[in-house]
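Note that the numbering runs from 1 along the sequence shown for the chain. All values below were derived from every heavy atom in this structure, side-chain atoms included, with hydrogens, water molecules and symmetry-related copies excluded.
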Amino acid sequence: MDKQKCPFPVFIPLIVGIVAVSFSSIFVKFSDAPVSVQGMYRLLFTVLFMLPFAGKQFKHSKQVTPRQWLLLFLSGMFLALHFLLWMGSLKLTTVASSTIILALQPVFVLIGAFFLFKERTTAASLAGMGVAICGAVLIGWGDVGISPENLLGDVLSLLGTLAVAVHMLIGQHLLRRIPSYFYSLSVFVSAIAVFALYNLGAGIAMAGYSKHDWTVFFLLAIVPTVFGHVLFNWLMKYVSATTISVNILGEPVGASILAYFMLNEHISAFQAAGGFLVCTGLYLFLRTNRPSHPVNDPAVSHGV
């Protein structure tokens, strides 16, 4: 199925989304609440914000097949896993390291798209991918010299990046058949349920937090989620998941600048060098990536 034409230039919502998601890591560090609680209320407030505009969306539920409901739940589960791992990484390592590693998201999306959708790309794009991975390795190597805790944070960020890539690939498949608003609402509700079960199982309190923490939860919902994730989900109607991932080029830069001024986090030589390699490699990757699709999309024929 061909992508629709965006009603206005795609770069406008992309810039808005980049700025919004750059604040995500800052807000996470502003609160001492467990990341599973931050993630749950971030999505709960987002759903409450979306519900007043969702009146016409519930009719789509009658057209959703059991298999699609399962995929919606899985997408929500991987989104919750992404938040749990990536937000957890911010408690152990710096904003710069965590967000630069998160920038590898389109690499994992492309790898997944190769196996699921049979997408192919160019040699130059693969070279860019290699440069970006070398940059991430350099960051991890530098963080080993700081502390094992920093390295563990890097690993959690990498695993969180894998999780969000799976979430986006499932979304790329479902959004060919399901409206973006209904998709986002369903996925967020699923992720909330996953977080609630996790908190109950782990014995983590879901109430009794300070006014400051509740403010952070609300800001996480409005800024990076509504003006970031919801916006990017909507954009997937018009461009591929790999193209949406261009936000990773802006997020580590924006987040690192914000962390310098708001959290007094300085960037090490390894982070600067690794970040340069990641951004350069991803720029080459995204600029030269020209995925080709077979006539019969395997996602339609055989499922994800």
Side-chain angles (χ1 to χ4, degrees), residues 14 17-18 20-25 27-28 35-36 38-40 42-43 46 71-90 93 95 97-117 119 129 132-133 136 153-175 180 183-184 186-192 194-195 198 220-221 223-236 239-252 254-255 278 282 285-286 304:
L14 275 177
I18 290 167
V21 297
S22 294
F23 276 95
S24 182
S25 53
F27 292 150
V28 171
V35 293
S36 58
Q38 290 191 47
M40 184 182 73
R42 169 182 183 168
L43 293 175
T46 301
L71 288 175
L72 284 168
F73 176 77
L74 288 175
S75 183
M77 183 184 73
F78 278 102
L79 179 62
L81 185 60
H82 158 65
F83 281 142
L84 189 65
L85 293 168
W86 176 69
M87 293 168 76
S89 77
L90 289 166
T93 191
V95 168
S97 290
S98 181
T99 55
I100 291 171
I101 291 172
L102 183 64
L104 293 175
Q105 174 186 321
V107 171
F108 296 129
V109 169
L110 179 66
I111 293 172
F114 170 79
F115 289 105
L116 297 175
F117 307 133
E119 288 188 2
M129 182 189 302
I133 292 174
D154 294 347
V155 172
L156 289 179
S157 181
L158 183 65
L159 293 175
T161 305
L162 279 167
V164 78
V166 175
H167 159 71
M168 289 193 70
L169 286 163
I170 296 174
Q172 183 175 355
H173 169 64
L174 287 174
L175 285 166
S180 62
Y183 167 80
S184 295
S186 301
V187 167
F188 290 165
V189 170
S190 298
I192 292 168
V194 171
F195 270 129
Y198 176 86
L220 278 168
V223 182
T225 311
V226 173
F227 289 98
H229 289 276
V230 173
L231 189 60
F232 289 139
N233 284 340
W234 174 78
L235 271 175
M236 277 201 280
V239 294
S240 70
T242 303
T243 303
I244 294 293
S245 298
V246 72
N247 78 86
I248 47 77
L249 286 176
E251 182 178 356
V278 170
L282 286 171
F285 167 79
L286 292 166
V304 177

Practice problem: Measure from the side-chain N and O atoms of Thr93 to the backbone N and O of Ser89, and report whether any donor-acceptor pair falls under 3.5 Å. | Solution: no
Self-check item: Main-chain N/O of Gly153 paired to Ser157 side chain as donor or acceptor, under 3.5 Å
Solution: no
Closest non-hydrogen atom pair between [X] and [Y], with its separation:
{"X": "Val278", "Y": "Ala132", "value": "CG2-O, 3.3 Å"}
{"X": "Gly228", "Y": "Val21", "value": "CA-CG1, 3.8 Å"}
{"X": "Ser75", "Y": "His167", "value": "OG-ND1, 2.8 Å"}
{"X": "Thr161", "Y": "Leu102", "value": "OG1-CA, 3.3 Å"}
{"X": "Ile170", "Y": "Leu71", "value": "CG2-O, 3.5 Å"}
{"X": "Ser36", "Y": "Leu84", "value": "CB-CD1, 3.8 Å"}

Rounded distance (nearest 0.5 Å) linking atom [atom1] of [X] with atom [atom2] of [Y]:
{"X": "His82", "Y": "Gln105", "atom1": "NE2", "atom2": "CD", "answer": "7.5 Å"}
{"X": "Phe227", "Y": "Phe232", "atom1": "CZ", "atom2": "CZ", "answer": "12.5 Å"}
{"X": "Leu110", "Y": "Leu169", "atom1": "CG", "atom2": "CG", "answer": "9.5 Å"}
{"X": "Ser25", "Y": "Leu90", "atom1": "OG", "atom2": "CG", "answer": "5.5 Å"}
{"X": "Leu220", "Y": "Met87", "atom1": "CG", "atom2": "CE", "answer": "5.5 Å"}
{"X": "Phe195", "Y": "Ser190", "atom1": "CZ", "atom2": "OG", "answer": "12.5 Å"}

Practice problem: May I have the step-by-step check of side chain to side chain contact (heavy atoms under 4.5 Å, CB included) for Phe73 and Val194, ending in yes or no? | Solution: CA-CA 9 Å; Phe73 176 77; Val194 171; 4.1 Å; yes
Flag the pair [X] / [Y] as yes when at least one side-chain heavy-atom distance between them is below 4.5 Å, and no otherwise.
{"X": "Phe188", "Y": "Leu79", "value": "yes"}
{"X": "Arg42", "Y": "Pro224", "value": "yes"}
{"X": "Val107", "Y": "Leu282", "value": "yes"}

Self-check item: Result of checking Thr99, Leu158, Val35 against Trp86 for side chain to side chain contact (heavy atoms under 4.5 Å, CB included)
Solution: Thr99
Practice problem: Could I get the full list of side-chain contact (heavy atoms from CB on, under 4.5 Å) partners for Val226, not counting sequence neighbours? | Solution: Thr46, Phe49
Quiz item: Step by step, would you call Met77 with Val166 a side chain to side chain contact (heavy atoms under 4.5 Å, CB included)?
Solution: CA-CA 10 Å; Met77 183 184 73; Val166 175; over 6 Å; no
